[in-house]
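Positions are given from 1, in the same order as the sequence printed here.
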Amino acid sequence: MRTHYGIHENDNPLLFLPADPYKCLLFEALHTLPLGPAKHLLREQMPLLSKGQKAEILARLKAFHTSGFSVKLYGNVCYYYQSFCGRDFKAWVQMALFIIGPYLDDGELAVWKSFCKVFQIAYSKSFSPSLSDEWRCLCQTFVNTEAAQATPTAEAKGSFNTPLG
């Protein structure tokens, strides 16, 4: 097959990059880590909303001014959220508090607010090591608020329904 199609093995070109793989990540970890919790929070919230609330969310989304966003959400977000990809979740989290904020109870709102702060830092253009304590504090706040939302039955079983565990 290799001879017939002319396929031959080459060394991985990533190995020839001028970077130390032990010190440099070849992907942006801060850009990929927040997408899991974003997916979890959205997938947990949407089924809890009534048809009327979903209609209001769609109206709010259509009225939302998105000229400052690089990605826009199209279609019926309330029903097609399960097929979102990374860019869709990024756009959603940037506008989530404005769109679904009125439909969240105090605990859910606290989780979304703390997550949006973490997300903001993760998608910032630069990250200063001097902000590492603030970053750690924001992440811990998010974990604590999410853990506080865990159901007592899940806590008794030792399993939490949270994006982090």
Between Phe115 and Val93, the two heavy atoms sitting closest are CE2-CG2, 3.8 Å

Please list every donor-acceptor pair under 3.5 Å in which a side-chain atom of residues 102-112 meets a protein atom from a residue at least two apart or in another chain.
| unit_1 | atom_1 | unit_2 | atom_2 | d |
| --- | --- | --- | --- | --- |
| Tyr103 | OH | Glu56 | OE1 | 2.6 |
| Asp105 | OD1 | Gly107 | N | 3.1 |
| Asp105 | OD1 | Glu108 | N | 2.8 |
| Glu108 | OE1 | Asp105 | N | 3.0 |

message = Under a 3.5 Å distance rule, please check whether Glu44 uses its side chain to pair with a backbone N or O of Leu41 as donor and acceptor.
response = no

Decide yes or no for Pro37 and Phe119: does some side-chain heavy atom of the first lie under 4.5 Å from some side-chain heavy atom of the second? no

Side-chain contact test, heavy atoms from C-beta onward, threshold under 4.5 Å: evaluate it for Leu61 versus Met95 and give yes or no. yes

task = Inspect the surroundings of CZ in Phe98 and state if more than 12 heavy atoms from other residues, nucleotides or ligands are less than 6.0 Å away.
result = no

Applying side-chain hydrogen bond (donor to acceptor under 3.5 Å, both in side chains) to Ser114 and not counting sequence neighbours gives Thr145

What one should report as the nearest heavy-atom pair of Ile57 and Ile99 is CG2-CG2, 3.6 Å

Sorted by chain and number, sequence neighbours left out, ring pair (Phe, Tyr, Trp, His ring centres under 6.0 Å) with Tyr79 holds for none

So salt bridge (charged side-chain N to carboxylate O under 4.0 Å, His left out) across residues 88-104, not counting sequence neighbours, yields none

Interatomic distance, CG@Asn144 vs SG@Cys137, rounded to 0.5 Å, equals 9.5 Å

Sorted by chain and residue number, the side-chain hydrogen bond (donor to acceptor under 3.5 Å, both in side chains) partners of Glu134 (sequence neighbours excluded) come out as none

With sequence neighbours left out, the residues meeting ring pair (Phe, Tyr, Trp, His ring centres under 6.0 Å) with Phe89 are Phe84

For Arg60 and Ile100, indicate whether the former's side chain and the latter's backbone hold a donor-acceptor pair under 3.5 Å.
no

In this structure, CG of Leu48 is separated from CD of Gln45 (nearest 0.5 Å) by 5.5 Å

- Query: Near Lys39 NZ, under 6.0 Å, is it more than 12 heavy atoms from other residues, nucleotides or ligands?
  - Reply: no

Nearest heavy-atom contact between Leu49 and Gln53 is CA-OE1, 3.3 Å

